[in-house]
Amino acid sequence: MILTNRVLVVSDDDRWLSETLSGLSAVANRLPNPYQLSFIAAHTAAEAQALIASDGEIQIVLLDKQLQEGEASLPAAQLANQINAYRPELSLYVLLLDEDDRALLEDLASHAVDGYFYRDEVDFHGWFRILMAELAEKSATPFYDRLKQYVSMAKDSWHTPGHSGGDAFKNSPWVADFHEFAGESMLRADLSVSVPMLDSLLHPTGVIAEAQQLAAKAFGARRTYFATNGTSTSNKVIFQTLLSPGDKLLLDRNCHKSVHHGVILSGAWPVYLDSSINTQYGIFGPVPKQRLLAAIEANPDAKVLILTSCTYDGLRYDLPPIIAAAHRQGIKVIVDEAWYGFARFHPAFRPTALEAGADYATQSTHKVLSAFSQASMIHVNDPEFDAHLFRENFNMHASTSPQYNLIASLDVARKQAVMEGYRLLERTLKLAQELRDKINATGAFRVLELADLLPAEVAADGIRLDPTKLTVDITLSGYSADELQHALFERYNIQVEKSTFSTITLLLTIGTTRSKVSRLYDAMLRLSKEKRLPRTVGRMPEIPHFSKLCCLPRDAFYEAGERLPLLDEDGRANPAPLGRICCDQIVPYPPGIPVLVPGQLITDTILAYLLRLQKAQRSIEMHGLAEDGGEFLLRVLTEAERVQLAERGLLRE
Ligand SMILES: Cc1ncc(COP(=O)(O)O)c(C=O)c1O
């Protein structure tokens, strides 16, 4: 791969600009230039903005403070702020005349500026050296570098893991193939905490701390923590840090199950907010804004609000007013950005949760950037962050033997996002549009637009769609979702992200290539030509509203309970669980939203819904139901347990 990086020099002083460009280019040709830096010019603010938008290889902007205010121009401080708002990953250096200039710039745009040069101290050699150092700092991967260094110099290990850098596999007649499959480097880098030069994820003071600081800067956080147990664990860590038993928490019922597990672990009292539902396509949308704002208003004693943005289907909240309303009540906001970790690196996806004011954001770096599975980040901007408490909770959930390849992959994913995220996302956006157009041209498949996806009750809530997540309506193709997924996989080796009864979802990432797009299109075109008769697709059964929480989810979960069959002997709804309190979280998947949580009252509508779902879709999984010889069982509180909880004042009926 050829590396090309550009420095954009912006000035309306043509003579100075041309001298500076040739001076810097001459130094770049003469000196070692490992980043292949070259220099380009913009004469006006408008020209600079256009170049920054179109050229993903620009890494640094050198801005002449003398830039005059004119028709097509902006004062330097304003331009600096705009550049920073558009592409915060760009480095920005400003050329000043004197100290007054500097004071002014620092007042107006200090957060946007990475450094200053003085115009009259013309030192192209020195400037070039500093620009190189800037790139070296941005593109550094302190943990990955140290890991490589250790692997290349380590000889014999007398520590875990037991495969000893892969040696245990090598000469085995049984498992030598695994050595080849996993690869020498990956196995040598599978090390243990016994190697001090690799720092400790549980108490980082060295290269892991440095890598986390670089990530914090890149993602716009005060602090960033690397997690090797995914966003599932990250959500639980934050919950346990912020919530004590009995504390009130507002949450989108559509939240990932890790959030609901966090409710059990923390002992919090949850106030569930029903999500909007698009029953035509079986898609769950955000909680309506009015419902959210009303809940914030009605629960000033809540400690935390957690939302998912964007959702699996790419729907994202208009976060700033919601977060502002929560903050007015002193409620901390966590945003689960499991599907949105790349958003900081292209303006089409922003604002990110942190930019919108969130206190915490959790991101599955592995889902949408190039980290390995399970590698996530927790970003913190909470002004009252208690680092000690957080560390205790983090360490409670973290393995004492974290996988170092995962940590390295987070370091590398951050570097890639900073150095080429904009360029790659620009390409991903184009490919997403191309794929949209091509799929729509088949006539049998149609990519749903925001208006199709949005449930009516949130149509005016300012919700936006992440265009890299494509939800395709398949009803006209004559295929069921199961059949289509099967055909794509069996005939074309293509695996899609997920499906509902009438849609499939395709996920484009920075790793999506044009060839991959054309292979998918080709497959869908062939399938569309089969001219099957369109199927009549039923509507998804409507998820019942939340019934009632009778006790803390934690209290119900930790009781032994008794298990009651969902169906009676004739295959009809068994009335026995009616009116009882559920001990487990029951999540039909898809759609993946809990129908029951521990502590919730079981109603006839809920039982009827569970049965209808099972009949409507063959491939449904019922998470949380016990199974006994093919029979599904619900765990509920026994009468004695219920009485005991009531006697201890823990029941709210
Ligand atoms: C909204 C949401 N949050 C959290 C998670 C869990 O993330 P991870 O797989 O990184 O543990 C998921 C996983 O699908 C998710 O969809």
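The figures that follow rest on heavy atoms only: side chains count, while hydrogens, waters and symmetry mates do not. Counting starts at 1 for both ligands and their atoms, in listed order.
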Got the closest protein heavy atom to [atom], with its distance?
{"atom": "atom 15 (C) of ligand 1", "value": "His256 CD2, 3.4 Å"}
{"atom": "atom 16 (O) of ligand 1", "value": "Trp339 NE1, 2.7 Å"}
{"atom": "atom 13 (C) of ligand 1", "value": "Lys367 NZ, 3.0 Å"}
{"atom": "atom 3 (N) of ligand 1", "value": "Asp336 OD2, 2.6 Å"}

Testing the basics here: between Thr509 and Val368, what is the closest heavy-atom pair and its distance to 0.1 Å?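 Taking Thr509 first and Val368 second, the nearest heavy atoms are CB-O, 4.3 Å.
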Donor on one side chain, acceptor on other, [X] and [Y], under 3.5 Å:
{"X": "Glu426", "Y": "His346", "result": "yes"}
{"X": "Ser364", "Y": "Thr231", "result": "yes"}
{"X": "Thr471", "Y": "Thr503", "result": "no"}
{"X": "Thr311", "Y": "Thr308", "result": "no"}

Taking the ring centre of each residue, are Phe226 and Phe143 less than 6.0 Å apart? no
Hey, which atoms in ligand 1 end up nearer than 4.0 Å to a heavy atom of [X]?
{"X": "Ser232", "result": "6 (C), 7 (O), 8 (P), 11 (O)"}
{"X": "Ser376", "result": "10 (O)"}
{"X": "Gly230", "result": "10 (O), 11 (O)"}
{"X": "Ser364", "result": "7 (O), 8 (P), 10 (O)"}

Would His366 count as a contact residue for ligand 1, given that I'm defining contact as a non-hydrogen atom of the residue lying under 4.0 Å from a ligand atom? yes
What do you reckon, does Thr308 have a nitrogen or oxygen under 3.5 Å from a nitrogen or oxygen of ligand 1?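 The answer is no, given that Thr308 and ligand 1 share no N or O pair closer than 3.5 Å.
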Parallel under 30°, tilted from 30 to 60°, perpendicular over 60°: which one fits the rings of His260 and Tyr272? parallel
Parallel, tilted or perpendicular, judged at 30° and 60°: which one describes the rings of Tyr312 and Trp339? parallel
Winner among Val259, Thr231, Leu307, Thr311 once heavy atoms are compared against atom 8 (P) of ligand 1: Thr231
